[in-house]
Amino acid sequence: MNAIDRCTSCIMPPYLLEHLMDSADTTTRSAIMDTLLVTEQLRGARNAHPTVGVFAAPAQGSRSVFDAHNREDLWAATLVRTEDSSASTDTSVDNAFDGLGTTRSFFRNVLGRDSIDGHGMRLDAFVHFGRRYANAFWDGRQMVFGDGDGRIFDDLTGSLDIIGHELSHGVTEHTAGLVYHNQPGALNESMSDVFGSVVKQWSRNETAEVADWLIGSDVFTPAFAGDALRSLKAPGSAYDTPLFGKDPQPDHMSRFVVLPDTRAGDWGGVHINSGIPNRAFHLTAVGIGGNAWEAPVHIWYESLRASNSHTDFREFAETTGAIAARLFGTGSKEQQVVMESWDAVGVSLGGRSAPPDHESVDTLDALHAQLERLSVDIRDLTTVVRALDPAHT
Amino acid sequence: MKVSLGVHGGLAAALAVGRPPLCIDTDDLDDAAAAELGRLVDAAAGSAARASADTEPRPDETNYEITIDRQDRSTVIAATDTTAGDDFIRLRDWISAHGSQ
């Protein structure tokens, strides 16, 4: 099955529903079965009723691509492609448009998120920014891509993981809002690397085991003589060249790089120390096995949503452990792998590696209650939909 | 007058950490080039209110710092990809084309 076509309309991710169907708890299985049945009924009703779109969450995230004409003034850019126009003759325009579409589909279909803000925010991208501009960035509202300097960097729109990386900065801004300084900033960068890499894996239908886990491998000229900008699998090994030296990313807290929280210090090394949580995610994905866009990325995404603007590595690690327990059970393989992965990169959970038993009981009870409420909501919605269909009145 | 340009940040920020700035000393320029640099510096410094906006950093944005050392004082003007005005850009590009590390 093509990953791009794996569209679902469930409120809960289908992977999670399927996992919960394996639960030893009969109440959980019953609640999930109800949810699946009612969802299938609703899906049938959707096929029969065009008006059901009024009730469904609108998945918009309309794409617009602008040409900056090699100026550094976004106001002077012109609109060159929208959802209603055909493909352009400009490769950069089409790369950006397609990359935004794939990333939008990933967030919608895998994580149930409607665009950057969760509410169908439009996706604007600017290409051909500046002259020989070798960068791409998220400016708080839109993505901006340069053509590269032609010497080291090629066109920045040529890399899906970079497009996914930049768009994910917007998702982080609209969820935890991690500040761009020190550990929270490095976590911000890491989340974008994680989502950027997993978007690429999802689009290629690659398992965690065979994926390259590289960021930016497509945007360098042969003159760079390195593999990529960063490696989630082996931080510190992405490049080692006479011009740029060795990749400075650490793969363990014992090698954390202390830099000043200044422009010259990369705001405390946000692009450098991100190697530590990056590797924790890679170890989690490989340890759980299968596809990174299933359990691993759901644990990370829900942990991002549960974080705040100043969450540091340890707090985030503790959150991933708690979220893994909530989603898959205390002592589950998923939770064990998550905790072992953080331990492997030197982020100690300080004896709080597993939530106390009463928390797990509370979590299970809360899950039952949530599923029951969900089933009731879906039944109510089904009733409303049927009332709109003359065949059912 | 000595002028230097530091370029920081960006998606590939790790490549730039620790790299020395590009520098130009007007004593090393011919009269025409020195005069042109002087005009560019005056224009950029004059519009520095826009260029030096000290806002929260944006993910992967490039930051530029231009330091102007005269006999009696040192001035730093800074900008990012989204705050750099035309005068700042002209000075930055001139230093990029003529400076050395």
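Quick note: numbers below take in every heavy atom, side chains included, and nothing from hydrogens, waters or symmetry partners.
With a 4.5 Å cut-off on non-hydrogen atoms, A:Leu74 does not touch chain B at all. Neither the backbone nor the side chain of A:Arg131 comes within less than 4.5 Å of any heavy atom of chain B. For chain B, the nearby part of A:Glu189 is the side chain; its heavy atoms alone come within less than 4.5 Å. Contact of B:Ile89 with chain A is made through the side chain alone, with heavy-atom distances under 4.5 Å. For chain B, no part of A:Gln249 is nearby; none of its heavy atoms comes within less than 4.5 Å.
Once rounded to the nearest 0.5 Å, the distance linking OG of A:Ser274 with CZ of A:Arg279 reads 14.0 Å. Note that CD1 of A:Ile162 is 9.0 Å distant from CG of A:Asn135, once rounded to the nearest 0.5 Å.
Side chain to side chain, A:Ser197 and A:Asp161 fail the donor-acceptor criterion of an N or O pair below 3.5 Å.
Electrostatic pairing of B:Arg70 and B:Asp42 counts as a salt bridge here, judged by a charged N lying under 4.0 Å from a carboxylate O. Contact check on A:Arg255 versus A:Asp251 returns a salt bridge, with a Lys/Arg side-chain nitrogen under 4.0 Å from an Asp/Glu carboxylate oxygen.
Per-residue heavy-atom pair counts under 4.5 Å with chain A were compared for B:Asp81, B:Thr62, B:Asp93, and the maximum is reached by B:Asp81. Looking only at heavy-atom pairs under 4.5 Å with chain A, the residue among B:Ala13, B:Gly9, B:Pro57 that has the most is B:Pro57.
Both tests pass for B:Arg92 against the ring of B:Tyr64: distance under 6.0 Å to the centre and angle within 45° of the axis.
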